[in-house]
*Asks:* 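First the structure, then my questions, so here it is.
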Amino acid sequence: PNPASNVISIQSKSSLSGAVIKLYTQDGKLLLDSNVGQDGTAQLNVSLINQGPYKVLVKTTDGMIYQKNI
């Protein structure tokens, strides 16, 4: 759950270059989205988001979808 420091970092064993990262509330409202850079890393600034549980969704360029509750 939030609080995170100020940023959530997304890392993977395989390349996420070009993937889309989305942060949702538990009821499905989209709060943030970002694209993964060429270096395969991504960060979401969560400093302005209230404490609580959220869902992170990662959609890769080949259509794979990964989801995690944070």
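All residue numbers refer to positions in the sequence shown, counting from 1.
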*Asks:* Report yes if the side chains of Ile49 and Tyr54 come closer than 4.5 Å at any heavy-atom pair, otherwise no.
*Replies:*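 A side-chain contact under 4.5 Å exists here.
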
*Asks:* Is any side-chain heavy atom of Val36 closer than 4.5 Å to a side-chain heavy atom of Ile10?
*Replies:*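 Not touching, per the 4.5 Å side-chain cut-off.
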
*Asks:* For a quick test of reading the model, state the closest non-hydrogen atom pair linking Leu44 to Ser34 and the distance between them.
*Replies:*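 For Leu44 versus Ser34, the nearest heavy atoms are CD2-CB, 3.6 Å.
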
*Asks:* Check this for me: Gln38, atom CD, are more than 12 non-hydrogen atoms of other residues, nucleotides or ligands nearer than 6.0 Å?
*Replies:*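 Not buried by this count: 12 neighbours or fewer within 6.0 Å.
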
*Asks:* According to a hydrophobic-cluster definition based on side-chain heavy atoms being under 4.5 Å apart (Ile, Leu, Val, Met, Phe, Trp, Tyr only), do Met64 and Leu57 belong together?
*Replies:*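 Hydrophobic grouping puts Met64 apart from Leu57.
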
*Asks:* Can you tell which of Thr25, Leu23, Ile70, Asn69 makes a side-chain contact (heavy atoms from CB on, under 4.5 Å) with Lys55?
*Replies:*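 Of Thr25, Leu23, Ile70, Asn69, side-chain contact (heavy atoms from CB on, under 4.5 Å) with Lys55 is met by Asn69 alone.
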
*Asks:* Taking all non-hydrogen atoms of both residues into account, name the closest pair between Asn6 and Asn45 and its distance.
*Replies:*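 Shortest heavy-atom contact: O-OD1, 3.1 Å.
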
*Asks:* State yes or no: do Leu32 and Val20 share one hydrophobic cluster built from I, L, V, M, F, W and Y residues joined by side-chain heavy-atom distances below 4.5 Å, directly or via other members?
*Replies:*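 Result: no, two separate clusters.
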
*Asks:* Linking I/L/V/M/F/W/Y whenever their side-chain heavy atoms sit closer than 4.5 Å, directly or via other members, would Leu30 and Leu48 fall into one cluster?
*Replies:*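 No; tracing contacts between hydrophobic side chains, which count when under 4.5 Å, never links both residues.
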
*Asks:* Give me the atom names and distance for the closest heavy-atom approach of Thr60 to Tyr66.
*Replies:*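 Reported closest heavy-atom pair: CG2-CE1, 3.9 Å.
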
*Asks:* Can you see which heavy atom on Val58 is nearest to which on Ala19, and at what distance?
*Replies:*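 Closest approach of Val58 to Ala19, heavy atoms only: CG1-CB, 4.2 Å.
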
